[in-house]
Amino acid sequence: EGALAQRAASTADKSYTKSLLDKGAAKIGEKIREEADEVSVAIAQEPDDNVASEAADVLYHLMVGLLFRKIPLRRVQAVLGARFGVSGHTEKAARPPKG
């Protein structure tokens, strides 16, 4: 997070992170979807090194999205921690409706 925040303070011509942040939520979301598809394909049919590389791309772009929204990673970790020991089906059913 610290490195990404430093890059956000850079210029877009020197930092891919800054260029993504400047392009906004739609572009960041597009990259997350693209990278999620690539890791999905890798999981199904590529070597472990490719899976790890594609997973890193997903995590990077997700962290850029969190930075864009000013949501610290520790907040996401807290949500995951609160779900520990709860069935995924139960947790999902208890979520409030979106919208």
Side-chain angles (χ1 to χ4, degrees):
E1 281 179 309
L4 292 180
Q6 286 178 342
R7 291 176 185 171
S10 182
T11 59
D13 62 325
K14 296 201 184 272
S15 169
Y16 177 64
T17 300
K18 174 66 172 166
S19 70
L20 281 174
L21 292 167
D22 287 351
K23 290 175 184 170
K27 182 63 176 180
I28 295 166
E30 176 186 320
K31 290 301 296 180
I32 292 169
R33 287 186 297 277
E34 174 188 321
E35 298 300 344
D37 184 58
E38 290 176 9
V39 77
S40 296
V41 170
I43 286 169
Q45 60 196 32
E46 296 181 16
D48 291 350
D49 286 346
N50 292 22
V51 173
S53 179
E54 296 298 346
D57 291 346
V58 171
L59 290 173
Y60 162 77
H61 286 91
L62 183 57
M63 289 179 70
V64 171
L66 292 171
L67 177 63
F68 181 81
R69 290 294 305 262
K70 297 179 177 44
I71 299 171
L73 187 55
R74 69 181 174 278
R75 183 170 171 188
V76 177
Q77 291 170 314
V79 170
L80 288 171
R83 292 179 182 176
F84 186 76
V86 178
S87 160
H89 297 295
T90 302
E91 185 278 325
K92 191 167 185 174
R95 291 183 197 173
K98 292 182 182 181

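These figures come from a predicted structure and were not determined experimentally.
Expressed to the nearest 0.5 Å, how far CD1 of Ile43 lies from CG of Asn50 amounts to 11.5 Å. Atoms CZ and OG1, from Arg83 and Thr90 in turn, are 12.5 Å apart once rounded to the nearest 0.5 Å.
Cluster annotation: Leu4 is connected to Ile71 through the hydrophobic network of ILVMFWY side chains, with a link wherever side-chain heavy atoms come within less than 4.5 Å. Under the 4.5 Å side-chain contact rule for hydrophobic residues, Val76 and Leu62 share a cluster. By the rule that hydrophobic residues join a cluster once side-chain heavy atoms approach within less than 4.5 Å of another member, Val39 and Leu59 end up as members of separate clusters.
Residues satisfying the side chain to side chain contact (heavy atoms under 4.5 Å, CB included) criterion with Gln77, sequence neighbours excluded, are Leu73, Arg74. Not counting sequence neighbours, the partners of Ile28 by the side chain to side chain contact (heavy atoms under 4.5 Å, CB included) test are Leu20, Leu21, Ile32, Val64, Phe68.
One finds no salt bridge joining Arg33 and Glu30 here, because no Lys/Arg side-chain nitrogen approaches an Asp/Glu carboxylate oxygen to under 4.0 Å.
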Which donor-acceptor pairs under 3.5 Å do the side chains of residues 5-13 make with protein atoms, sequence neighbours left out?
| residue | atom | partner | partner atom | Å |
| --- | --- | --- | --- | --- |
| Thr11 | OG1 | Asp13 | OD1 | 2.6 |

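No more than 12 heavy atoms of other residues, nucleotides or ligands lie within 6.0 Å of CZ in Arg69, so this atom counts as exposed by the packing criterion.
Ring planes of Tyr16 and Tyr60: parallel class, angle under 30° (limits at 30 and 60°).
The closest donor-acceptor contact from the side chain of Ser53 to the backbone of Asp49 lies at 3.5 Å or more, if one exists at all.
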